[in-house]
Peer 1: 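Just passing along the structure, written as structure tokens.
Because the structure is a prediction, the values reported are computed rather than measured. Throughout, protein chains are lettered first and strands after them, A, B, ... in sequence-line order, and every chain is numbered starting at 1.
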Number of protein chains: 2
Amino acid sequence: MDHPTPSPRSATRHKIEAALLEDIATGALQPGERLDETRLAERFGVSRTPVREALSGLTAQGVLVAGEKRGVRVAQYSRAELGQMFEAMQEIESVCARLASQRLTLLARSEIENAQAACAEAAARNDRLAYIKANEALHMSIYRATENPYIFELASDFRRKTGPFRAKKLETQEDLLASVESHVDLLAKIFSEDVQVAVDGMRKHMTESFMRVLAANG
Amino acid sequence: MDHPTPSPRSATRHKIEAALLEDIATGALQPGERLDETRLAERFGVSRTPVREALSGLTAQGVLVAGEKRGVRVAQYSRAELGQMFEAMQEIESVCARLASQRLTLLARSEIENAQAACAEAAARNDRLAYIKANEALHMSIYRATENPYIFELASDFRRKTGPFRAKKLETQEDLLASVESHVDLLAKIFSEDVQVAVDGMRKHMTESFMRVLAANG
DNA sequence: GCGGTTGATTTTGTATACAAACTGATATTC
DNA sequence: GAATATCAGTTTGTATACAAAATCAACCGC
């Protein structure tokens with residue numbers, strides 16, 4: 001996903017990382033669950049060394065955390081931590097909104113509107129999974145509109161880390177349609193000529209979104 | 001510095017990371033320079049294993065990059081990339097200034113002023129290395145004043161990545177004294193009651209700083 | 001003389017072995 | 001009976017050894 005290197009520069013390590021990410025995404029590995037190096041090593045049929053490197057890589061990404069006592073665990077966040085994380089994310093997203101609004105090229109606007117259309121369509125079909133993907137794509141297109149790869153990366157990172165928690169708040173079709181509605185409003189503000197309107201719009205959007213997330217993660 | 005764990009949970013690895021960061025920050029290791037695992041291992045009197053972990057950690061942080069051919073190198077950026085990176089950093093720092101200004105506790109203010117005093121003292125002694133360290137500590141204390149560990153981490157990351165380039169602009173004692181002057185002005189604005197003043201002050205500070213950096217990396 | 005190919009040497013990735021640190025629990029003493 | 005000390009069993013961190021991959025260069029063929 002973020003490793004565009006096609007060269008198999010240490011294939012096993014990346015295979016293990018990918019497999020673990022898959023397990024976490026599918027819920028096979030629960031937040032807080034401990035990972036045992038030796039067990040993983042024999043599961044993948046390799047020695048502890050590459051497992052170790054994969055684990056330390058995922059820890060650096062924030063997917064895993066070094067446990068208080070021993071070993072590494074799947075990251076889990078308290079309500080307070082979630083709040084702080086979302087606060088940080090809100091700041092980043094606001095920056096994105098401002099830059100995107102200031103720099104918006106025709107091409108970027110087109111991609112944002114395409115993504116928005118995909119969201120609306122998925123919501124109309126009540127296709128939850130498609131909606132989540134389209135929603136991510138929509139926000140990504142806003143990040144891209146900043147024309148700054150470092151900010152894009154930052155924002156994407158937060159989106160990855162908060163993904164599992166944000167997903168929880170999209171259950172019924174009403175949720176999806178409400179989300180689309182919220183995005184229509186947001187985009188109108190980003191496309192407005194007034195940068196402050198764009199920033200405030202994004203702030204509001206994020207606040208609404210996070211309030212629902214926190215409510216769903218009580 | 002950023003690892004508050006007092007437990008020596010893999011002390012050697014962190015020692016090596018810290019030493020390398022130090023070398024990079026002070027310019028002892030130049031951007032683009034290649035790092036040899038074996039050489040580092042014997043330099044630190046350890047085996048290749050912990051060196052390897054340190055290197056992969058720093059690579060994950062973006063301080064080092066996997067070289068095209070072999071080994072890892074100190075990250076180097078084109079002028080354009082530097083500009084984008086500094087733009088992103090400016091945005092983050094501005095967010096920090098706003099939050100710090102809004103939330104400033106007495107303790108936080110005290111730590112910021114201590115760091116500032118250390119800067120001034122190092123500049124007066126014309127101790128370039130000490131000044132660089134104190135300067136980092138000063139900005140870190142502002143990050144910490146945001147009371148948000150995720151934002152702190154973000155800002156620290158950028159500081160690490162841009163360290164080697166920023167170091168270049170601090171050569172003569174005049175540079176150091178000018179920098180101190182600039183910080184006096186900045187802190188006065190952050191300590192003001194007006195959040196917008198704080199943000200604008202940080203923006204100005206960063207812009208000035210980056211203009212000099214870009215001039216020094218032509 | 002130039003280009004391709006092979007070979008030697010360095011370098012990286014993985015495995016394994018070993019030592020130290022930590023966990024949990026049982027036993028012993030006050 | 002409670003608290004502390006000690007000990008066994010894991011588990012992690014580091015070292016070393018080994019194998020595969022890649023770079024550089026010399027050499028051979030054209």
Peer 1: If you look at every strand shown and take non-hydrogen atoms under 4.0 Å, does A:R34 touch a base, only sugar-phosphate, or nothing?
Peer 2: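 The answer is sugar-phosphate, as A:R34 gets under 4.0 Å only of primed atoms, P, OP1 or OP2.
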Peer 1: Please give me every residue in residues 50-60 of chain B whose heavy atoms get under 4.0 Å of an atom in DNA chain D, ordered by residue number.
Peer 2: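 Contacting residues: B:P50.
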Peer 1: Excluding sequence neighbours, so at least two apart, what forms ring-ring contact (aromatic ring centres under 6.0 Å, His included) with B:F158?
Peer 2: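 Testing B:F158 for ring-ring contact (aromatic ring centres under 6.0 Å, His included), a comparison that skips the adjacent residues, returns none.
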Peer 1: Between A:E17 (CD) and C:dG13 (P), how many Å, whole number?
Peer 2: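 It is 13 Å, rounded to the nearest whole Å.
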Peer 1: Once side-chain hydrogen bond (donor to acceptor under 3.5 Å, both in side chains) is applied, do any residues pair with B:E87, and if so which ones, sequence neighbours excluded?
Peer 2: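 B:E87: side-chain hydrogen bond (donor to acceptor under 3.5 Å, both in side chains) contacts with A:R103, A:N148.
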Peer 1: Mind calculating the distance between CG (A:L64) and C1' (D:dT12) to the nearest angstrom?
Peer 2: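 Between C1' of D:dT12 and CG of A:L64: 16 Å.
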Peer 1: With a 4.0 Å cutoff (strictly under), does any side-chain N or O of A:S47 reach OP1 or OP2 of C:dA15?
Peer 2: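 So the side chain of A:S47 is within the cut-off, an N or O lying under 4.0 Å from OP1 or OP2 of C:dA15.
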Peer 1: Which residue lies toward the 5' end of DNA chain C, B:R39 or B:T49, if each is placed at its nearest nucleotide?
Peer 2: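 Comparing both residues, the 5'-ward one is B:R39.
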Peer 1: Could you tell me the separation between the CZ atom of B:R73 and the P atom of C:dT11, rounded to a whole number of Å?
Peer 2: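 Whole-Å distance recorded here is 12 Å.
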Peer 1: Can you name the nearest heavy-atom pair linking A:I142 to A:A100, along with the distance?
Peer 2: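 What the structure gives for the nearest pair is O-CB, 3.8 Å.
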Peer 1: Rounding to a whole Å, what distance do you find between A:E37:CD and D:dG13:C1'?
Peer 2: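 After rounding, the reported distance stands at 9 Å.
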Peer 1: Which residues pass the ring-ring contact (aromatic ring centres under 6.0 Å, His included) test with B:Y150, sequence neighbours left out?
Peer 2: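 Listed in chain order: nothing, the list is empty.
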Peer 1: Can you list everything that forms a side-chain contact (heavy atoms from CB on, under 4.5 Å) with A:L186? Sequence neighbours excluded, please.
Peer 2: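 Counting only residues at least two positions away or on another chain, A:L186 forms a side-chain contact (heavy atoms from CB on, under 4.5 Å) with A:H183, A:I190, A:M202, A:H205.
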Peer 1: Sort out for me which residue in B:M140, B:Q61, B:K161, B:H139 forms a side chain to side chain contact (heavy atoms under 4.5 Å, CB included) with B:S156.
Peer 2: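 Answer after filtering B:M140, B:Q61, B:K161, B:H139: B:M140.
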Peer 1: What is the distance, to the nearest angstrom, from the CD atom on A:E42 to the P atom on D:dT11?
Peer 2: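 Computing the A:E42:CD to D:dT11:P distance gives 11 Å.
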Peer 1: Output the single nucleotide from D:dT12, C:dT12, C:dT16 whose closest atom is nearest the side chain of B:R48.
Peer 2: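 Nucleotide nearest to B:R48's side chain: C:dT12.
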Peer 1: Expressed in angstrom and rounded to an integer, what is the separation of A:I16 atom CD1 from C:dG13 atom C1'?
Peer 2: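 Rounded to whole Å, this separation is 12 Å.
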Peer 1: With sequence neighbours excluded, what pairs up with A:F86 under the ring-ring contact (aromatic ring centres under 6.0 Å, His included) test?
Peer 2: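 By the ring-ring contact (aromatic ring centres under 6.0 Å, His included) rule, A:F86 matches A:F210.
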Peer 1: Can you tell me the distance, in whole Å, between the CG atom of A:L35 and the P atom of D:dT11?
Peer 2: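 Between P of D:dT11 and CG of A:L35: 13 Å.
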